[in-house]
Amino acid sequence: MKHVIGLSGGKDSTALALRLAEVEPRDYEYICNETGDELPEMLQHWANLEKMLGKPIIRVRHVRGLVEEVEHQHMLPSVFRRWRTRVLKIEPTIQYMAQLPEDSVLYVGLRADEEARRGLFGEDIAVRFPLREWGWDEAAVWKYLDEKGVCIPKRTDCAMCPYQRLGEWRDLWEQYPDRFENLIQLEDKMGATLRSPGRDTWPADLRSLAKEFASGRKLREYKRATTCRVCSL
């Protein structure tokens with residue numbers, strides 16, 4: 001029997017992995033779904049967690065990385081084409097669990113204030129949601145991480161995530177210009193945009209968006225609802 005923790009590296013799964021090791025110590029396996037489009041700070045966060053947990057995090061990957069899958073499908077992910085999570089995360093996790101003993105358990109970091117959300121791992125996989133069992137909401141997760149001195153990266157999603165806000169696109173343009181330029185080229189190649197047209201008054205395509213950033217056009221600053229007091233992000 002295997003006890004497997006899905007460790008995306010976000011605040012919820014990080015708190016889950018660290019707390020579960022404290023209250024239910026056992027020989028866990030830690031897995032993450034690496035897409036190949038993570039930013040450097042996310043890769044460093046996984047490395048830091050491996051040291052804290054004392055075990056490697058197993059990379060459970062799709063046969064192709066995100067960029068390769070985009071080219072294979074000739075389709076960019078978007079808020080209307082939500083194949084990315086299913087193809088690169090859910091399906092590889094299901095395949096990984098399928099090759100383990102039948103009584104193995106997958107631990108998923110869904111919180112008590114996310115009751116409307118359900119795991120999408122099929123009826124054949126035993127899934128537990130310890131954060132819900134403990135009654136932990138978002139505030140409880142941040143409180144625990146602050147007490148542990150654990151900092152969560154500002155961005156834990158992929159560089160091309162279509163759900164990121166304008167401020168996050170600007171940060172990507174400023175901090176990782178090569179990555180931003182690669183995404184411009186990918187949009188040109190696919191003939192589509194990652195951002196949804198009409199979402200706001202800013203251009204949808206990244207090439208035009210970069211020109212707006214370079215012009216100094218102001219945008220409304222964003223700040224996540226709950227911040228990491230360890231690093232003040």
Side-chain angles (χ1 to χ4, degrees), residues 7-11 13-14 32-51 56-57 59-89 92 151-224 227-228 231-233:
L7 186 52
S8 70
K11 63 183 185 304
S13 67
T14 297
C32 70
N33 301 115
E34 192 174 47
T35 70
D37 193 43
E38 289 81 12
L39 296 175
E41 52 263 37
M42 187 63 213
L43 299 178
Q44 183 59 54
H45 179 54
W46 274 330
N48 294 341
L49 286 176
E50 288 179 326
K51 293 179 181 178
I57 300 173
R59 269 57 171 176
V60 177
R61 302 182 179 93
H62 180 55
V63 65
R64 287 176 291 273
L66 179 52
V67 174
E68 290 78 16
E69 187 64 21
V70 166
E71 295 179 342
H72 175 73
Q73 295 196 29
H74 200 79
M75 181 187 300
L76 289 171
S78 76
V79 297
F80 302 109
R81 297 182 293 272
R82 302 172 61 180
W83 55 264
R84 181 177 57 117
T85 298
R86 174 180 56 82
V87 173
L88 276 77
K89 298 185 177 183
C151 181
I152 304 298
K154 191 174 183 179
R155 285 284 305 276
T156 60
D157 48 11
C158 299
M160 71 169 73
C161 178
Y163 290 94
Q164 58 191 302
R165 292 166 289 186
L166 272 171
E168 293 171 311
W169 283 115
R170 184 192 59 185
D171 290 347
L172 186 67
W173 172 76
E174 290 178 340
Q175 299 169 18
Y176 300 101
D178 291 342
R179 300 284 289 269
F180 199 97
E181 178 60 31
N182 289 340
L183 293 180
I184 289 176
Q185 299 301 323
L186 192 60
E187 282 191 339
D188 290 346
K189 186 176 183 179
M190 296 298 110
T193 61
L194 290 158
R195 280 173 39 81
S196 303
R199 180 176 178 180
D200 46 47
T201 61
W202 291 69
D205 68 287
L206 297 185
R207 185 181 299 279
S208 298
L209 195 63
K211 292 179 180 178
E212 293 291 328
F213 292 152
S215 74
R217 179 179 173 182
K218 300 296 183 181
L219 71 158
R220 182 179 299 176
E221 295 299 324
Y222 71 96
K223 186 177 182 181
R224 69 188 185 191
T227 59
C228 176
C231 56
S232 299
L233 290 178

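Numbers here simply count residues along the sequence, with the first being 1.
Atom CG of Asp171 and atom NZ of Lys154 lie 4.5 Å apart (nearest 0.5 Å). Residue Trp46 holds its CH2 atom at 12.0 Å from CD of Glu41, rounded to the nearest 0.5 Å. With rounding to the nearest 0.5 Å, the separation of CZ in Arg155 from SG in Cys161 is 6.5 Å. Within the model, atoms OG1 of Thr201 and CZ of Arg217 stand 4.5 Å from one another, a figure rounded to the nearest 0.5 Å. Ser8 contributes atom OG, which lies 13.0 Å from atom CD of Glu34 (distance to the nearest 0.5 angstrom). For the atom pair Arg84 CZ and Met75 CE, the distance stands at 14.5 Å (nearest 0.5 Å).
Of all heavy-atom pairs between Trp83 and Leu76, the closest is NE1-O, 3.8 Å. Residues Ser13 and Leu7 approach most closely at O-CD1, 3.3 Å, considering heavy atoms. Here the closest heavy-atom approach between residue Gly167 and residue Leu219 is recorded as N-CD1, 3.5 Å. Contact record, Glu187 with Thr193: OE2-CA, 3.3 Å, taken as the closest heavy-atom pair. Between Leu39 and Leu172, the shortest heavy-atom contact is CD2-CD1, 3.9 Å. Residues Leu206 and Phe180 come closest through the heavy atom pair O-CE2, 3.4 Å.
Counting heavy atoms from C-beta outward, Gln44 and Asn48 have side chains that approach closer than 4.5 Å. Taking the side chain as every heavy atom from C-beta outward, Trp173 and Glu212 never approach each other to under 4.5 Å. A heavy-atom distance below 4.5 Å is not found between the side chains of Pro162 and Phe80. Contact check for His45 versus Thr156: no side-chain heavy atoms found under the 4.5 Å cut-off. Here the side chains of Thr35 and Lys89 are in contact, with some heavy-atom distance below 4.5 Å. For the pair Lys211 and Pro203, the minimum side-chain heavy-atom distance is 4.5 Å or more. Within the 4.5 Å cutoff, side-chain heavy atoms of Leu194 are placed close to those of Pro77.
A donor-acceptor pair under 3.5 Å is absent between the side-chain atoms of Gln185 and the main chain of Asn182, judged by distance alone. Counting only distance, with no hydrogens or angles, the side chain of Arg179 and the backbone of Asp37 share a donor-acceptor pair below 3.5 Å. With hydrogens and angles ignored, the 3.5 Å screen pairs a side-chain donor or acceptor of Glu38 with a backbone N or O of Gly36. No donor-acceptor distance shorter than 3.5 angstrom exists from the side chain of Asp157 to the backbone of Gln164, with no hydrogens or angles considered.
Remark: Glu181 engages no residue in a salt bridge (Lys or Arg N to Asp or Glu O under 4.0 Å) (not counting sequence neighbours).
Under the 4.0 Å criterion applied to side-chain N and carboxylate O atoms, Glu71 and Lys189 are assigned as salt-bridge partners. A salt bridge links Arg59 with Glu50: the distance from a Lys NZ or Arg NE/NH1/NH2 to an Asp or Glu carboxylate oxygen falls below 4.0 Å.
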For this session: Decide side-chain contact (heavy atoms from CB on, under 4.5 Å) for Leu166 and Arg195; before the verdict, give the C-alpha distance in whole Å, the side-chain angles of both, and the deciding distance to 0.1 Å.
Result: CA-CA 10 Å; Leu166 272 171; Arg195 280 173 39 81; 3.8 Å; yes
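Pairs passing the ring-ring contact (aromatic ring centres under 6.0 Å, His included) check and including a residue from residues 185-207, sequence neighbours excluded, read Trp202-Phe213.
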